[in-house]
Structure formats: C-alpha cells, structure tokens
Enquirer: 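Structure provided below as structure tokens; questions to follow.
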Amino acid sequence: MLTQPQQDLPPGQQLVAAGKWPIIGEREPASINPQWALKISGRVEQPITFSLEQLQALPQKRQIIDIHCVTRWSKLGVEFEGVPVADLLDIVRTGSDAKFVSFISHSARKHSTSLPLDDVVRHQTLIALKADGQPISLDHGGPIRNIVPGKYFYKSVKWLNEMELLEQDRLGYWEAESGYHNGADPWREQRYIASSIDRREAAKLIESRNFSDQDLLSIAANNRDLRGLDARRAKLRNADFSRADLREANFSNANLSNANLQCADVRGANFSGADLEGANFSGADLRGANLLGTSLIGGTFFDPALGVQGEAQWDAQTRISQTEISVLFPLQLDFVMKQGKKHGLF
Ligand SMILES: Nc1nc2c(c(=O)[nH]1)N[C@H]1C(S)=C(S)[C@@H](COP(=O)(O)O)O[C@H]1N2
Ligand SMILES: [Mo]
C-alpha cells in the first residue's frame, strides 16, 4: 500500500498538487447553452423542474468536501456551495416506494449514476452550483452538478439535469459498463466489482497468452509467466499483474486503469496509447518499455514505504516524454523526472 503523510487520505489515494483539479471522464455536456435546469421525477408526489435561476434563489449551503477519485487522486477541502438534495426532496415529497436515486447527466451518452436514497440524504449530497466561490466551470460539470461527500467521485455527476426517484436500483454508466463498485466507499476501497471471468477461464487465457480485445476486469495474473503476452486493446481495469513476467508484452491501447503491476518485469513491453490511470508500477522493471501516448493520472512508479525495492527501474531505452508525466502527482513526478534526467529520456 502507498503510504502518505496525511492522516485523512483513504487507502491507496494520493494528493493532487495544490490548486490542481484533474478533469476525468466526459469533458463537455451534450450542448453548450441549453436551458439549464434540474428535473426531479419518478417516485415523487409532485415532479418539479427547477431552472438554474430557481436553484440559485433557494437557500444556499456551503460544504467543505474532500474529493476522492477512483483513479487514486484526492483533492481535499474544496468549498462547494449549492442546494442540499434533502431540501429539494422536501419540496417534491418522495413517495414511500422511493428507495434509490438515479442522477442523470445532460451529456451525449446520458451518463448517470445511482445511490440508495438513504445514502443520498445521510451523506449530505449537494446540488452544487459553485466551487471555491466561483460558478462551477463547464469542464467540471457546471453550472449544475451533484456532489456526494464520502463516496468516490464517480457518484458525482457533471451537468446534472435529472434526479429520478426509483423503487429499484438502476446501475449507472461506470457501474454497468466498467465494473465500478456500486458502493463506492473510498475508506473500504470499493473501487471495482470482482473479476468478470472465473478461474478456469482465466487459467486458459493465461495459458494462451492472448488477451487481445477481451474484457478481463480484475483478472488475477500475479506471478504468472506472460512473456510476449498479446493484450492489445484489452480491458484490464484493476487487473493484478504484480510480479508477473511481462517481458515484450504488447499492451498497446489497452485499458489498465488501476492495474497492479508492482514488481512486474515489463522489460521491452509496449504500453503505447494505453490508459494507465491509477496503475501501480512501483518496483517494476521498465527497462526498454514504451510508455508513449499513455494516460498516467494517478500512476505510481515509486512506493516510499518499500524504499529502493519500491522504485521502478528505467534505462536509456525506456520511452516516455514530458507530456505523459506532466499529470503525475508531486512525489511521483519528482521520482520520474529524476529517472528521466539520469537516463536522458527527455
Ligand atoms: N456526466 C458525467 N459525469 C461524471 C463523469 C462522466 O464521465 N460524465 N465521470 C465521473 C468521474 S469517474 C469522476 S472522477 C468525476 C470527475 O469530475 P471532474 O472532471 O470535475 O474532476 O466526474 C464523475 N461524473
Ligand atoms: Mo473517477
């Protein structure tokens, strides 16, 4: 596990640099200038649509909230301001059969997420209109987004335009499509659900060394001999490749977000274009590996708790540029910059 000096960071999280706030997931709403509004529908006595102006006219509440993204970055103490969801629910009066809330976005894919109604209220969910005193910017989901304290940030929808009260749960986009855990409790590390394939299937695939184009969420391949693995475009979120032999493996355009590659041998492996958000390469052997065009937000190359053992190894043939590493967090950035200079990588 990563150690951090801060006491109030959930396990496996790292702080972003002061003043930084990464943009994750969708970057824009379906249209730029709709009549911004929030509709409350489903199991309510009185469905209501609040315009942005009406929301602004309601009593506003300020809340200091810590952001924890599932891709392992945290940003503490953001001051959000807006209308508590509980206040809106008092106005519409939820039906006795309302058990869940689906938060639906005004985005191209109608992005959504859901929570039990009890959680929504208990966690003091806010319909946020401002962050740190300013209207929330469009790329961060303004002018209207929900913010759920104490849950991974994927429970906080950008460009919120509907809250539908449901009798039964309806999984959201990341939860249904990408195996994100529906509980989303950062203190219990509820990041992903378990593997989508059983052990026998996994063993067969590992034997064949061909993962290309497959969806293998949370696959356990730790300590395996996977030399020369073909994993092009494979979906390998949360995969465990710790201490695996991955020499010359091809992960180009694969999704390895939150994958564990601790102490893996990835000499000569190709990661070009791969999604490596939140991936852990501490202690891995990266000599001759290609990391060009990868997405590295939340990536780890050095675990201070393990000392020298926790440092990834590099050489002059490792391929990475300043573009990829610019998104790393301070401690990791320092380490990779040092290695880069030492081996003349950029
Ligand atoms: N509409 C919409 N909302 C979304 C997402 C998305 O892709 N689309 N991604 C979620 C995830 S995983 C995170 S971490 C946060 C990111 O918000 P930010 O870009 O403001 O940091 O938004 C959440 N809400
Ligand atoms: Mo996220």
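In each ligand, atom 1 is the first atom listed, and ligand 1 is the first ligand listed.
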Enquirer: For the rings on Tyr152 and Tyr192, is their centre-to-centre separation under 6.0 Å?
Expert: no
Enquirer: Before signing off on this row, confirm whether Trp21 and ligand 1 have an N or O atom pair separated by under 3.5 Å.
Expert: yes
Enquirer: What distance do Glu324 atom CD and Ile297 atom CD1 have between them, rounded to the nearest 0.5 Å?
Expert: 12.5 Å
Enquirer: Decide, yes or no, whether a salt bridge links Asp139 with Arg27 under the criterion of side-chain N to carboxylate O below 4.0 Å.
Expert: no
Enquirer: Name the closest protein heavy atom to atom 9 (N) of ligand 1, giving the residue it belongs to and the distance to 0.1 Å.
Expert: Trp174 NE1, 3.3 Å
Enquirer: With a 4.0 Å cut-off, would you call Glu177 and Lys235 a salt bridge?
Expert: no
Enquirer: Check for me whether Arg145 has a heavy atom closer than 4.0 Å to any atom of ligand 1.
Expert: yes
Enquirer: In terms of residue, atom name and distance, what is the protein heavy atom nearest to atom 20 (O) of ligand 1?
Expert: His140 ND1, 2.7 Å
Enquirer: Do the two ring centres, one from Phe271 and one from Phe281, sit under 6.0 Å apart?
Expert: yes
Enquirer: In the protein, which heavy atom is nearest to atom 24 (N) of ligand 1, and how far is it?
Expert: Ser156 O, 2.8 Å
Enquirer: Just jot down the ligand 1 atoms closer than 4.0 angstrom to any heavy atom of Gly25, in number order.
Expert: 7 (O)
Enquirer: Using a strict 4.0 Å threshold on nitrogen-to-oxygen distance, state whether Asp225 and Arg227 make a salt bridge.
Expert: no
Enquirer: I'd like to know if Val266 and Leu292 are part of one continuous hydrophobic network [Ile/Leu/Val/Met/Phe/Trp/Tyr, side-chain heavy atoms within less than 4.5 Å].
Expert: no
Enquirer: Looking only at distances, please establish whether an N/O atom of ligand 1 is found under 3.5 Å from an N/O atom of Ser107.
Expert: no
Enquirer: Is the positively charged end of Arg145 above the ring of Trp36, judged by distance under 6.0 angstrom from the centroid and angle within 45° of the axis?
Expert: no
Enquirer: With a cut-off of under 6.0 Å to the ring centre and 45° to the axis, is Arg109 in cation-pi contact with Tyr173?
Expert: yes
Enquirer: Any heavy atom of Gly141 sitting closer than 4.0 Å to ligand 1?
Expert: no
Enquirer: Where is the nearest protein heavy atom to atom 19 (O) of ligand 1: which residue, which atom, and how far?
Expert: Lys158 NZ, 2.7 Å
Enquirer: Considering only the protein, which heavy-atom contact is closest to atom 11 (C) of ligand 1, and what is its distance?
Expert: Tyr154 CA, 3.8 Å
Enquirer: May I ask you to check whether Ile23 has an N/O atom sitting below 3.5 Å from an N/O atom of ligand 1?
Expert: no
Enquirer: Looking at Lys99 and Glu167, is there a salt bridge between them, counting it only when a charged N and a carboxylate O are closer than 4.0 Å?
Expert: no
Enquirer: Numbering the atoms of ligand 1 from 1, which are under 4.0 Å from a heavy atom of Ser105?
Expert: 1 (N)
Enquirer: Considering only the protein, which heavy-atom contact is closest to atom 13 (C) of ligand 1, and what is its distance?
Expert: Phe153 O, 3.9 Å
Enquirer: For Glu164, run the salt bridge (charged side-chain N to carboxylate O under 4.0 Å, His left out) check against Lys39, Arg43, Arg170 and tell me which one passes.
Expert: Arg170
Enquirer: Distance to 0.1 Å, residue and atom name: give those for the protein heavy atom nearest to atom 21 (O) of ligand 1.
Expert: Pro22 O, 2.8 Å
Enquirer: Considering only the protein, which heavy-atom contact is closest to atom 8 (N) of ligand 1, and what is its distance?
Expert: Glu26 OE1, 2.7 Å
Enquirer: Which of the atoms of ligand 1 are close to Trp159, meaning less than 4.0 Å from one of its heavy atoms?
Expert: 1 (N)
Enquirer: Contact between Arg109 and ligand 1, counting heavy atoms under 4.0 Å?
Expert: yes
